[in-house]
2 protein chains.
Amino acid sequence: MSSVLPNLVNNGTSAAGGAASVAGASPTFSPLYQQIKVLITQSLQSGEWKPGEMIPSEVELAGRFKVSQGTVRKAIDELSAENLVVRRQGKGTFVATHHEERAQFRFLRLVPDEGEPHNPANKIIEVKRLRAPAEVARTLDIKSADSVVFIKRVQSFDGAPTILEELWLPGAIFKGLTAERLNDYKGPMYGLFETEFGTRMIRATEAIRALSADAEAAQLLGIAPGTPLLSVERVSFTYGDKPVELRRGLYLTAQHHYQNELS
Amino acid sequence: MSSVLPNLVNNGTSAAGGAASVAGASPTFSPLYQQIKVLITQSLQSGEWKPGEMIPSEVELAGRFKVSQGTVRKAIDELSAENLVVRRQGKGTFVATHHEERAQFRFLRLVPDEGEPHNPANKIIEVKRLRAPAEVARTLDIKSADSVVFIKRVQSFDGAPTILEELWLPGAIFKGLTAERLNDYKGPMYGLFETEFGTRMIRATEAIRALSADAEAAQLLGIAPGTPLLSVERVSFTYGDKPVELRRGLYLTAQHHYQNELS
DNA sequence: CAGTGGTCTAGACCACTCC
DNA sequence: GAGTGGTCTAGACCACTGG
């Protein structure tokens with residue numbers, strides 16, 4: 001089943017046999033492998049291949065798209081670099097998923113000053129629905145009238161409350177999300193989002209500041225008011241660079257630090 | 001001048017003509033392009049090609065190493081991804097340098113909450129030489145008896161003091177470094193290190209925490225004691241993952257934030 | 001125009017995984 | 001052994017830069 005074969009335009013070369021191309025005008029130039037990358041991404045986004053599943057082999061994709069294996073390979077190379085897929089030699093190429101050790105620490109950068117990460121635990125403080133506040137609506141690119149799911153939770157490590165987080169999610173996407181489901185679910189929250197709501201977080205931006213704990217934060221984290229905290233404001237994006245999460249975290253950095261690599 | 005041709009071991013393949021290989025036992029397996037990557041990196045490290053200069057073309061390197069252009073290309077691809085070199089289509093491949101707009105913001109992640117980055121200014125508070133404190137020695141992988149250069153400075157944006165930084169550098173490498181040279185130098189500090197001391201920062205790790213301004217920080221940054229500050233502890237590495245800088249920064253995040261991308 | 005990096009092909013063989 | 005990703009080659013042509 002190769003369904004509809006889109007119009008690939010080869011503005012590259014062709015050693016011998018010409019590559020596929022229904023051709024015509026090509027208003028926008030881009031390498032073949034980029035076009036193929038887009039096609040594969042669309043299949044990922046549409047759920048044709050689900051997180052954790054294997055995508056077709058390079059040879060098969062090459063046949064389907066009527067290009068050489070090397071060209072497919074280069075497309076997948078980039079998808080792999082963007083963490084959309086994971087290659088496993090001898091096995092195949094798999095759709096990336098948040099249900100993995102690997103992917104966990106891509107989004108949780110707070111690590112203990114010494115020792116290994118340890119016994120995380122979540123306590124859901126509050127889950128409710130409300131109309132998107134102006135700033136949230138702007139960030140999530142929705143209307144102010146639209147509903148959003150608001151979540152407040154405290155994350156502990158080894159029993160010590162360490163992170164106080166507030167999340168805003170588009171209500172349209174996260175319809176059946178309740179405190180119960182959040183509590184019942186084992187594993188990372190993004191795993192829940194991915195399997196239960198079909199929304200995979202691809203990348204995120206964070207803005208970090210230092211501020212003093214207010215009364216509520218102090219109470220929930222079990223610290224003195226005024227204690228310095230790391231404020232981490234995250235906007236997460238899914239396919240197509242669509243923002244689907246706003247998250248404000250307050251990190252207690254007495255025994256932990258936010259780890260970052262500059263390269 | 002191809003000087004000494006090292007022993008390349010091809011554990012890959014060879015469609016027709018065999019690639020170079022004095023061969024023999026190969027205790028450690030690695031792809032040809034990785035071996036070539038190492039060779040190129042050594043040339044970069046040794047200063048055979050200096051920052052900003054063009055390295056030999058892919059075709060020439062392929063000839064020198066007796067491999068195909070595609071293999072050299074893959075090696076350079078990775079070096080480019082690691083920001084060791086910069087490719088410019090039609091021109092050539094150049095040794096990366098800190099004297100560029102491009103490279104500036106790789107290591108300065110503090111950006112204004114709104115508007116563009118603006119009029120940075122440095123004030124050197126202190127430069128002195130001392131024996132490496134235990135922790136500094138450990139971090140920089142030198143002996144406690146060894147001398148280190150200590151620098152304290154304040155960075156302002158649009159006239160507002162924003163960053164208070166303390167740096168420790170191995171005295172052996174930064175011999176003639178004085179407050180004068182730091183003050184006289186136009187452009188990024190890492191540019192100075194690169195051209196004057198032959199030490200290029202390749203990558204760095206940062207540990208971020210929140211803390212309260214002490215009396216000294218408050219005075220130098222013109223804020224009230226107790227104001228929350230971002231503490232950014234950076235260790236920078238040069239070729240061979242050798243640590244060559246320890247830097248502790250206190251960032252005022254009233255009008256700025258530390259920006260990070262999770263991908 | 002020549003020279004550079006960038007794309008693409010076709011085919012071969014290697015390394016790894018699983019049956 | 002069959003199937004997968006990973007490496008390598010040889011050669012062609014494109015896109016871009018600069019003289």
Side-chain angles (χ1 to χ4, degrees), chain A residues 8-21 23 26 28-38 40 49 53-81 85-96, chain B residues 8-21 23 26 28-38 40 49 53-81 85-96:
Chain A
L8 293 185
V9 181
N10 184 344
N11 343 292
T13 170
S14 57
S21 66
S26 46
T28 156
F29 280 6
S30 85
L32 247 186
Y33 76 87
Q34 286 286 2
Q35 301 175 45
I36 286 163
K37 186 181 162 193
V38 168
I40 295 176
W49 313 310
E53 287 182 8
M54 179 179 162
I55 74 172
S57 76
E58 295 176 355
V59 174
E60 183 180 340
L61 289 173
R64 181 182 303 190
F65 296 135
K66 301 277 183 39
V67 299
S68 94
Q69 182 187 353
T71 301
V72 169
R73 190 169 176 72
K74 179 140 190 178
I76 296 180
D77 273 347
E78 293 203 350
L79 293 173
S80 173
V85 300
V86 177
R87 318 184 89 132
R88 296 191 211 285
Q89 182 175 90
K91 297 209 235 174
T93 301
F94 299 80
V95 183
Chain B
L8 293 186
V9 181
N10 184 343
N11 344 292
T13 169
S14 58
S21 65
S26 45
T28 157
F29 280 6
S30 85
L32 247 186
Y33 76 86
Q34 287 286 2
Q35 301 174 46
I36 286 164
K37 186 181 161 191
V38 169
I40 296 176
W49 312 310
E53 287 182 7
M54 180 178 161
I55 75 172
S57 75
E58 296 176 354
V59 175
E60 182 179 341
L61 289 173
R64 182 183 301 190
F65 297 134
K66 300 275 182 40
V67 298
S68 94
Q69 182 187 353
T71 301
V72 169
R73 189 168 178 72
K74 180 140 188 177
I76 296 180
D77 273 347
E78 294 203 349
L79 293 173
S80 174
V85 299
V86 177
R87 318 185 90 134
R88 296 191 211 285
Q89 182 175 101
K91 297 208 237 177
T93 301
F94 299 79
V95 183

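The shortest distance between the side-chain N/O atoms of Arg73(A) and the OP1/OP2 oxygens of dG5(D) is not below 4.0 Å. Look at Lys74(B) and you'll find a side-chain N or O under 4.0 angstrom from OP1 or OP2 of dT7(D).
To the nearest angstrom, C1' of dG6(D) lies 13 Å from CG of Leu32(B). Atom-to-atom, CD of Glu78(A) to C1' of dT7(C) comes out at 12 Å; the value is rounded to the nearest Å. Rounding to whole angstrom units, CD1 of residue Ile55(B) and C1' of dG5(C) are separated by 11 Å. Rounded to whole angstrom, the span from the CD atom of Glu60(B) across to the P atom of dT4(C) amounts to 8 Å. dT7(C) atom P lies 12 Å from atom CD of Gln35(A), rounded to whole Å. Between Lys37(A) atom NZ and dG6(C) atom C1' there is a gap of 15 Å when expressed in whole angstrom units. In this structure, CD1 of Ile36(B) is placed 10 Å from C1' of dC8(D), rounded to the nearest angstrom. Put simply, CD on Gln69(A) is 11 Å from C1' on dT7(D), counting in whole angstrom units.
Proximity of a side-chain donor or acceptor of Gln35(A) to a complementary backbone N or O of Ser30(A) within less than 3.5 Å is detected.
Here dT9(D) is the nucleotide among dT4(C), dT9(D), dT7(C) with the atom lying nearest to any side-chain atom of Thr71(B). Distances from the side chain of Met54(B) to the nucleotides dT4(C), dA10(D), dT7(D) place dT4(C) closest. When distances run from any side-chain atom of Ser57(B) to the nucleotides dC8(D), dT4(D), dT4(C), the shortest one goes to dT4(C). Closest to the Glu58(B) side chain, of the nucleotides dC8(D), dG6(C), dT4(D), is dG6(C).
Near-neighbour residues of DNA chain C inside residues 85-95 of chain A, defined by a heavy atom below 4.0 Å, number-ordered: Gln89(A), Gly90(A), Lys91(A).
Across Pro56(B) and Arg64(B), no two heavy atoms sit closer than the pair CG-NH2, 3.8 Å. Across every non-hydrogen atom of Ala75(A) and Tyr33(A), the tightest pair is CB-O, 3.4 Å.
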Please step through side chain to side chain contact (heavy atoms under 4.5 Å, CB included) for the pair Val67(B) and Leu61(B), ending with a clear verdict.
CA-CA 8 Å; Val67(B) 298; Leu61(B) 289 173; over 6 Å; no
Please lay out, stage by stage, how Lys74(A) and Glu78(A) fare under the test salt bridge (charged side-chain N to carboxylate O under 4.0 Å, His left out).
CA-CA 7 Å; Lys74(A) 179 140 190 178; Glu78(A) 293 203 350; 5.8 Å; no
Show, in sequence, the C-alpha distance, side-chain angles and deciding distance for Thr93(B) and Met54(B), and conclude whether the side chain to side chain contact (heavy atoms under 4.5 Å, CB included) test is met.
CA-CA 6 Å; Thr93(B) 301; Met54(B) 180 178 161; 5.9 Å; no
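The cationic atom of Arg88(B) (NZ for Lys, CZ for Arg) lies less than 6.0 Å from the six-membered ring centre of Phe94(B) and within 45° of the ring axis.
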